[in-house]
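Down below is the structure, laid out as structure tokens.
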Amino acid sequence: MTAETTDSLGRLADLDRLVGSYSLVSRVQQLPNHPGEPRFPIFTAAMGDLTAVAANIAESAAGADIRGSMDGAGGALGAERAGRLCVAEALERYSSCVFDESALMWATAEELGEEALDLATVPRCAPRELAHPKSLVTAPDPAGPMRWARGWSLTGNRPVWVPAVMVWMHIRAKSAAERLTMPISTGCAAHSDIAAALVGAICEVVERDSIALTWLQRIPWPRIELDEIPERLAPYAERYGASHVRTRFYDATTDLGIPTIYSIDLTPDNEVLGQLVMCNTALDPVTSVGKIMRESASSRIAMQVPRPRPEDPDEFLNVFHGASYMGAPERIGDFGFLTEGRERRTLSSMPDLSTGTPAGDLRLLVDRLKSAGCDVIAVEMTTDEARDVGFRVVRVIIPQLMPLSFIHTARYTAHPRLYEAPARLGYPVHAEADLNPLPQPFA
């Protein structure tokens with residue numbers, strides 16, 4: 001496949017208007033690949049110090065320097081596309097952090113009644129987690145005042161109020177009730193097509209559900225054999241084959257039946273990063289394999305940047321903490337529940353559920369999740385900057401699914417799905433006391 005031309009970029013080319021000295025993105029630059037690693041062009045989009053332009057970000061940062069922490073990254077087969085994808089990610093991150101405080105409503109769930117998200121369905125931490133001296137969260141409290149944002153239930157076809165802390169990043173809790181969760185980027189997506197944005201957001205929530213289930217319950221998913229390399233996957237596989245990275249793919253499709261692939265990069269000769277976990281959900285599993293290969297190249301660069309890390313896993317708060325800890329080559333044995341499994345499945349045997357259109361894919365996903373008893377709630381986060389270049393930014397919340405947490409003391413181990421999903425899949429179910437005690441390796 002040849003490098004993408006400007007004509008093939010579509011609406012991505014419109015993102016060039018966001019780059020400049022006085023624009024959202026101050027600069028875009030290519031990062032060097034490490035020697036021997038897959039040669040995908042990886043770009044970053046720098047946004048500078050957003051604490052100077054958004055009061056909520058300044059309040060959340062509390063004086064810390066967060067420059068670089070919200071920059072976008074993007075990789076592709078060609079440099080032109082990669083250079084725009086990083087701007088798209090920067091726009092998504094920016095839109096997920098900037099909000100109008102006056103548009104939010106202070107109320108309790110009890111006051112809002114049926115118009116509010118049912119807090120009984122929200123993932124919660126177990127009493128042991130809540131009692132931990134380093135605990136940062138509280139149990140959901142229907143009588144506690146908090147800020148609410150207006151969303152739309154795609155499964156119930158009705159408006160619904162959702163806690164604002166479940167929608168935006170860099171939103172500091174202003175009441176005890178707002179500590180029911182810690183802000184995370186799960187379920188955010190940007191696209192020029194609103195249906196495509198919603199599809200991407202839903203798939204990410206499903207992906208994160210599988211990641212959490214995999215690690216906490218040590219689910220021994222079947223390993224995927226790449227028995228066929230479709231033409232569209234060949235350029236990705238060729239670049240991986242020429243590197244020292246060896247990736248094992250696993251069919252981590254849960255009881256939802258939405259194709260999900262979990263992977264582990266193995267590089268035992270690397271003194272810093274012996275293992276790297278990736279995951280992706282898409283209606284077409286071949287798309288997931290290619291995306292994992294591409295995004296792994298970006299993650300491998302990020303994971304090999306030296307960063308301070310607490311010695312005590314109970315103090316892990318950062319997205320990189322658990323991943324760097326579990327990435328040490330000597331921890332390979334901790335992944336044995338996957339790497340030592342004998343069950344196999346071919347890539348060609350995995351179903352392709354894609355319909356051919358974003359609208360069709362969205363209908364399929366919403367119908368499937370509704371039949372599984374899930375409520376799919378969407379909140380629009382489109383900022384003026386996104387709207388000016390024809391993009392939409394959304395957040396999707398599916399409270400019945402298992403959340404991903406990078407905070408080791410708050411893994412939401414009281415959520416019923418953590419125990420019900422493995423049982424429905426026919427895997428052994430570990431009780432709370434027997435869950436994987438090691439920190440989450442995904443970043």
Side-chain angles (χ1 to χ4, degrees), residues 18 22-25 47-67 69-72 89-113 115-119 122 136-153 158-190 194 197-198 201 317 377-389 391-397 399 403 407:
L18 296 178
Y22 301 100
S23 299
L24 178 68
V25 173
M47 288 190 289
D49 184 9
L50 292 178
T51 62
V53 297
N56 66 288
I57 298 178
E59 181 182 36
S60 172
D65 185 355
I66 63 169
R67 285 176 294 182
S69 65
M70 293 170 59
D71 292 350
E89 183 172 271
L91 177 63
E92 174 191 312
R93 292 186 176 185
Y94 170 77
S95 300
S96 69
C97 294
V98 178
F99 59 90
D100 181 3
E101 185 83 31
S102 66
L104 306 180
M105 181 173 65
W106 274 98
T108 69
E110 291 176 345
E111 290 169 342
L112 294 175
E115 293 187 15
L117 170 66
D118 182 359
L119 295 186
V122 172
L136 298 173
V137 298
T138 60
D141 180 10
M146 67 177 80
R147 290 164 291 178
W148 298 80
R150 201 65 159 164
W152 183 265
S153 171
R158 65 181 181 89
V160 59
W161 289 102
V162 295
V165 291
M166 297 180 70
V167 178
W168 283 279
M169 301 286 290
H170 283 288
I171 178 169
R172 197 169 188 175
K174 293 186 176 181
S175 70
E178 289 196 326
R179 290 172 51 212
L180 82 166
T181 189
M182 296 300 293
I184 192 170
S185 64
T186 296
C188 293
I194 185 67
L198 289 167
L317 304 174
I377 301 168
V379 181
E380 176 125 25
M381 300 191 298
T382 305
T383 56
D384 291 342
E385 293 85 355
R387 191 172 290 105
D388 287 347
V389 293
F391 273 66
R392 305 284 287 276
V393 186
V394 298
R395 160 85 76 171
V396 163
I397 298 165
I407 300 173

Do you know the tightest heavy-atom contact between [X] and [Y]?
X    : Y    : result
A116 : A109 : CB-O, 4.3 Å
E92  : A190 : OE1-N, 3.7 Å
A189 : A201 : CB-N, 3.6 Å
L119 : P163 : CD2-CG, 4.1 Å
A173 : R179 : CB-CG, 3.8 Å
A176 : T138 : O-OG1, 3.1 Å

Decide yes or no on side-chain contact (heavy atoms from CB on, under 4.5 Å) for E101 and R147, but give the supporting numbers first. CA-CA 9 Å; E101 185 83 31; R147 290 164 291 178; 3.0 Å; yes
Pick from V165, L317, V137: which one makes a side chain to side chain contact (heavy atoms under 4.5 Å, CB included) with M182?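 Checked V165, L317, V137 against M182; only one passes side chain to side chain contact (heavy atoms under 4.5 Å, CB included): V137.
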Can you tell me how far apart [atom1] ([X]) and [atom2] ([Y]) are? Round to the nearest 0.5 Å.
X    : Y    : atom1 : atom2 : value
D71  : E89  : CG    : CD    : 9.5 Å
L104 : I171 : CG    : CD1   : 6.0 Å
I397 : T181 : CD1   : OG1   : 9.5 Å
W148 : T108 : CH2   : OG1   : 8.0 Å
M146 : M166 : CE    : CE    : 9.5 Å
M70  : D49  : CE    : CG    : 10.0 Å

Side chains of [X] and [Y]: closer than 4.5 Å at any heavy-atom pair?
X    : Y    : answer
V394 : I194 : yes
S95  : F391 : no
S185 : R93  : no
D141 : L180 : no
P403 : I184 : no
N56  : R172 : no

Answer yes or no: is there a donor N or O on one side and an acceptor on the other, between the side chain of S96 and the main chain of M169, under 3.5 Å?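 Checked: no pair found.
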Test side-chain contact (heavy atoms from CB on, under 4.5 Å) applied to H170 and L50, step by step: CA-CA 11 Å; H170 283 288; L50 292 178; over 6 Å; no
Residue list, ring pair (Phe, Tyr, Trp, His ring centres under 6.0 Å) with W168, at least two apart or on another chain: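 Once residues adjacent in sequence are excluded, the partners of W168 under the ring pair (Phe, Tyr, Trp, His ring centres under 6.0 Å) criterion are F99.
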Yes or no on side-chain contact (heavy atoms from CB on, under 4.5 Å) for V162 and V167, after CA distance, side-chain angles and deciding distance? CA-CA 8 Å; V162 295; V167 178; 3.6 Å; yes
Decide side-chain contact (heavy atoms from CB on, under 4.5 Å) for E59 and K174; before the verdict, give the C-alpha distance in whole Å, the side-chain angles of both, and the deciding distance to 0.1 Å. CA-CA 11 Å; E59 181 182 36; K174 293 186 176 181; 3.8 Å; yes
Those residues that, when tested against D100, pass side chain to side chain contact (heavy atoms under 4.5 Å, CB included) (two or more places apart): S102, A103
So, E380 and T382: side-chain donor and acceptor under 3.5 Å apart, yes or no? yes
